[in-house]
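Structure first, commentary second.
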Amino acid sequence: MIIPMLIAIGNLRSETTLLPRAFRRNIKKFVFPLTFLFITLTFACSPIHYYSSDKKASPSHLVVLHTNDTHGHPLKFFHYPAPDVGGLPARATLVEHIRRENDNVLLLDAGDLNTGLAESNLFKAKPDLIGYNYIGYDAMVLGNHEFDNPPAVLKKQMEFAHFPFLSANVKTKDGEYLAEPYIIKEFDDFIVAIFGLTTKETEIIGDPEHIKDIVFEDEIKVANRLVPELQKKADIIIALVHMGIYESSERGSQRLASKVSGIDLIIDGHTHTMLERPVFVETPDSDHPTAIVQAWQWGLVLGRVDLWIKNKKIIDITFEAIPINLKKVEEESGGTQIYQFLGEPINEDDALLSLLQPYKEKAEEVLSETIGHSEGMFDNTYTRERETALGDIIADSMLWYTKNSGTDFAILNGGGIKTDLQEGPVTRKIVYELLPFDNSLVVVTLRGTDVQALFAHIAGISQGEGAFPQISEGLYFTINRRAKKCEHIFIHGHPLDPKKNYKIVTNSYLSKGGDGYKIFLKAIDTYDTSVFQQEAFIEYIAHLGGSIKPQVKGRIRITCGNQHSTLASEKLTSRFLPNSNIPLMVGTNHSCTRVSSFSVSSSFSFKSHPSLKKFLP
């Protein structure tokens with residue numbers, strides 16, 4: 001199994017992003033920044049094909065381009081440390097260039113188009129879909145965030161799209177497919193079947209109100225039923241899935257590949273993963289492994305898989321992630337920063353830009369009001385893993401807003417916080433990007449025994465999952481990772497009393513049982529304030545005088561046997577990225593180890609990987 005990992009810094013600038021493929025294959029490597037780092041992307045040499053060298057029997061060639069987890073980023077944006085990266089107009093130019101060079105091209109998206117920047121959120125992803133229609137996507141799978149909006153919104157999105165939404169395991173309670181289960185694409189020398197799967201975890205992490213009439217079937221059972229049917233109709237089987245790549249092979253797309261025969265390629269999403277190379281999984285009753293790929297997030301890169309096909313079978317594969325106007329930063333004397341493109345700059349498609357720019361201008365008009373100032377950066381990197389200053393201040397705003405209801409403490413899911421809060425002016429737009437979900441504040445009253453059950457649920461949440469809690473003042477507790485339980489739970493300085501009732505303010509998503517917080521459904525009383533989290537936070541900033549400063553309060557302690565971590569302080573072995581204090585991997589104790597979900601993508605060939613030798617002649 002290949003575990004994604006970050007690799008060394010490189011210094012070589014490439015000028016090859018838009019050069020013809022024949023030239024690109026002679027280039028060994030180029031670099032681009034991952035957050036504020038320079039990450040080396042190693043390109044494979046000319047692909048090695050394991051078919052006959054007979055020139056009269058040349059293989060067919062298929063290019064599969066793919067994106068995933070674009071999350072409402074229709075226009076170029078700032079991604080630390082550089083401005084003006086990504087965006088659909090630049091992606092359109094890149095895709096068109098690749099199509100001009102290749103006869104057989106598919107363009108697929110592995111889900112989570114929704115929920116991101118204001119220019120998308122305010123218009124329910126309409127600008128994103130305009131861009132996808134313009135570029136000419138062939139298909140998109142339903143991601144879990146496609147259910148962030150009510151069903152009527154998703155229906156309108158599907159009707160507006162000029163391409164099919166796919167999912168073979170999502171149905172209505174009447175047994176009808178919510179989207180198309182699969183499509184068939186015919187080329188001159190081969191036929192490709194593409195079927196969709198949506199993570200079954202959506203029934204836990206999806207908005208309960210939006211998915212109450214939807215059934216998410218087991219992905220493996222559905223695929224085992226469907227793939228044999230598709231093999232009768234097509235030569236190549238591609239699974240377009242929103243399932244995720246995890247360290248464990250018993251979860252996500254690796255589980256799919258290991259349990260289902262006949263899938264040639266899995267285009268995946270959900271975990272925002274960049275791979276050093278495809279993940280190859282040995283599959284039952286197959287003469288070659290299944291390749292799994294992902295293309296990071298937010299349209300920062302365009303994934304490219306090249307397949308060579310002979311006798312209607314894949315005989316070779318290469319993979320690369322092409323950066324879309326990512327840049328490196330160089331400092332000149334005096335501290336002046338100079339941005340340099342990594343590879344050729346990709347020009348934006350003017351026609352598409354003119355279609356999308358009005359949405360950004362309208363969003364700016366609505367949300368441009370400055371409502372405060374941040375004295376430092378509130379980092380969102382670890383909000384799904386530990387207490388953070390950002391989680392603290394948002395939870396405190398929820399508690400403050402509902403103080404007249406007698407609330408004891410506030411709790412929200414870390415996954416509901418989507419961006420950093422940068423140092424400097426704070427506008428309404430920034431707040432709405434920080435908290436993109438339209439969740440209201442809900443006060444629930446729970447019996448003490450149910451509060452105990454709440455903390456039992458919290459103890460079972462893995463670090464890195466969106467369900468990880470962020471909490472307000474008034475609550476302090478310890479998560480014992482080794483024992484898998486919460487300990488030393490204090491509410492207003494007193495131990496949790498199972499005989500007492502407690503009032504808790506949370507967001508409407510959790511109050512309905514989202515992210516597995518089903519215990520809130522047992523509430524003695526539920527009061528929806530109808531005030532959105534964003535507005536409560538905006539008013540709280542005003543209450544604080546308009547100035548906020550990042551500070552972690554020390555409310556959640558995480559222990560690992562005799563070792564413990566409190567917030568930013570780790571009594572654990574750490575491996576740090578150069579020139580940063582952000583650990584890539586922490587922990588010597590298996591119960592507290594965290595592995596970064598980010599790693600590096602490169603071109604790759606079947607024959608270059610040692611684990612594949614037994615599959616090759």
Side-chain angles (χ1 to χ4, degrees), residues 68-69 108-115 124-125 129 132 137-185 192-234 237-244 251-253 255-257 259-263 266-271 466 509 512-516 518 521:
N68 56 273
D69 299 283
L108 307 173
D109 188 273
D112 275 7
L113 180 78
N114 285 275
T115 311
K124 302 302 181 184
L129 290 169
Y132 274 44
Y137 269 76
D138 291 292
M140 169 185 153
V141 70
L142 291 173
N144 58 289
H145 282 283
E146 269 60 81
F147 299 93
D148 289 346
N149 299 304
V153 173
L154 176 57
K155 182 180 179 182
K156 287 182 179 179
Q157 290 177 341
M158 294 170 68
E159 291 172 348
F160 186 78
H162 297 170
F163 53 89
F165 283 51
L166 304 182
S167 190
N169 70 316
V170 178
K171 295 182 178 180
T172 66
K173 287 189 174 180
D174 296 329
E176 299 292 328
Y177 286 112
L178 192 67
E180 295 294 323
Y182 66 87
I183 58 172
I184 302 292
K185 304 292 284 188
V192 179
I194 305 161
F195 73 97
L197 293 172
T198 304
T199 176
K200 185 173 171 58
E201 294 177 4
T202 305
E203 64 188 10
I204 298 174
I205 62 178
D207 188 306
E209 184 66 24
H210 299 164
I211 63 174
K212 62 183 180 181
D213 296 321
I214 298 173
V215 176
F216 296 87
E217 297 181 335
D218 182 80
E219 309 98 326
I220 308 305
K221 291 180 180 178
V222 170
N224 271 321
R225 223 169 34 234
L226 183 58
V227 170
E229 296 179 20
L230 297 179
Q231 287 177 314
K232 299 174 184 177
K233 301 178 180 181
I237 309 296
I238 296 176
L240 182 61
V241 308
H242 193 82
M243 296 175 66
R251 188 180 178 192
S253 55
R255 177 172 174 260
L256 175 68
K259 301 292 185 182
V260 180
S261 299
I263 301 175
I266 297 177
I267 304 291
D268 194 16
H270 191 47
T271 46
Y509 168 66
K512 298 170 186 173
D515 264 343
K518 301 295 185 184
L521 299 177

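The model shown is predicted, which means the values in this text are computed figures rather than measured ones.
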*What are the two closest non-hydrogen atoms of Ile183 and Pro164, and how far apart are they?*
CG2-CG, 3.8 Å
_Tyr182 side chain near Glu229 side chain, heavy-atom distance below 4.5 Å_ = no
*State plainly whether the residues Lys200 and Glu203 are in salt-bridge range, i.e. N to O under 4.0 Å.*
yes
*Does Val241 reach the side chain of Glu219, with side-chain heavy atoms less than 4.5 Å apart?*
no
*Check whether any side-chain heavy atom of Gln157 lies under 4.5 Å from a side-chain heavy atom of Met140, and answer yes or no.*
no
_Minimum heavy-atom distance between Ala239 and Ile263, given as atom pair plus value_ = CB-CG2, 3.9 Å
*Val227 and Ser261: which non-hydrogen atoms are nearest, and at how many Å?*
CG1-O, 3.3 Å
*Has the side chain of Asp174 got a donor or acceptor atom that lies under 3.5 Å from a matching backbone atom of Glu176?*
no
_Looking at Ala110, is its backbone amide N or carbonyl O close enough to the side chain of Asp268 to form a donor-acceptor pair, meaning the two atoms are under 3.5 Å apart?_
no
*Side-chain contact, heavy-atom cut-off 4.5 Å: Ile220 with Val260?*
yes
*asked:* As a test of understanding, state which of Leu129, Leu108, Asp109, Asp138 forms a side chain to side chain contact (heavy atoms under 4.5 Å, CB included) with Phe163.
replied: Leu129
*With side chains defined as the heavy atoms from C-beta onward, is the minimum distance between Thr199 and Phe216 less than 4.5 Å?*
no
_By the definition side chain to side chain contact (heavy atoms under 4.5 Å, CB included), identify the one residue from Leu154, Asn169, Asp213 that meets it with Leu178._
Leu154
*Okay, side chain of Lys173, backbone of Lys212: is any donor-acceptor separation there less than 3.5 Å?*
yes
*Backbone of Ile214 reached by a side-chain donor or acceptor of Thr172 within 3.5 Å*: no
_Heavy atoms from other residues, nucleotides or ligands near NZ of Lys171 exceed 12 (cutoff 6.0 Å)_ = yes
*Any Val215 side-chain heavy atom under 4.5 Å of Val170 side chain*: no
*With rounding to the nearest 0.5 Å, note down the distance linking CD1 in Ile205 to CG in Asn144.*
4.0 Å
*asked:* So does Gly206 get a backbone contact from the side chain of Thr202, meaning a donor-acceptor N/O pair under 3.5 Å?
replied: no
*asked:* Quick check: closest heavy atoms across Ala179 and Leu142, and the distance to 0.1 Å?
replied: CB-CD1, 3.9 Å
*Rounded to the nearest 0.5 Å, how far apart are OH of Tyr137 and CG of Leu113?*
9.0 Å
*N/O donor-acceptor pair under 3.5 Å between Tyr509 side chain and Asp515 backbone*: yes
*Please name the pair of heavy atoms, one in Ala257 and one in Ile266, separated by the smallest distance, quoted to 0.1 Å.*
CB-CD1, 3.8 Å
*Just one of Lys155, Lys124, Lys156, His210 clears the side chain to side chain donor-acceptor pair (under 3.5 Å) bar with Asn149, so which one?*
Lys124
*Does Asp112 use its side chain to pair, donor to acceptor, with the backbone of His145 at less than 3.5 Å?*
yes
*Say whether, by atom type as modelled, one donor and one acceptor occur between the side chain of Glu146 and the main chain of Gly143 under 3.5 angstrom.*
yes
_Exercise: identify the closest heavy-atom pair between Ala125 and Asn114_ = CB-OD1, 3.5 Å
*Just checking, any donor-acceptor pair under 3.5 angstrom between side chains of His242 and Asn68?*
no
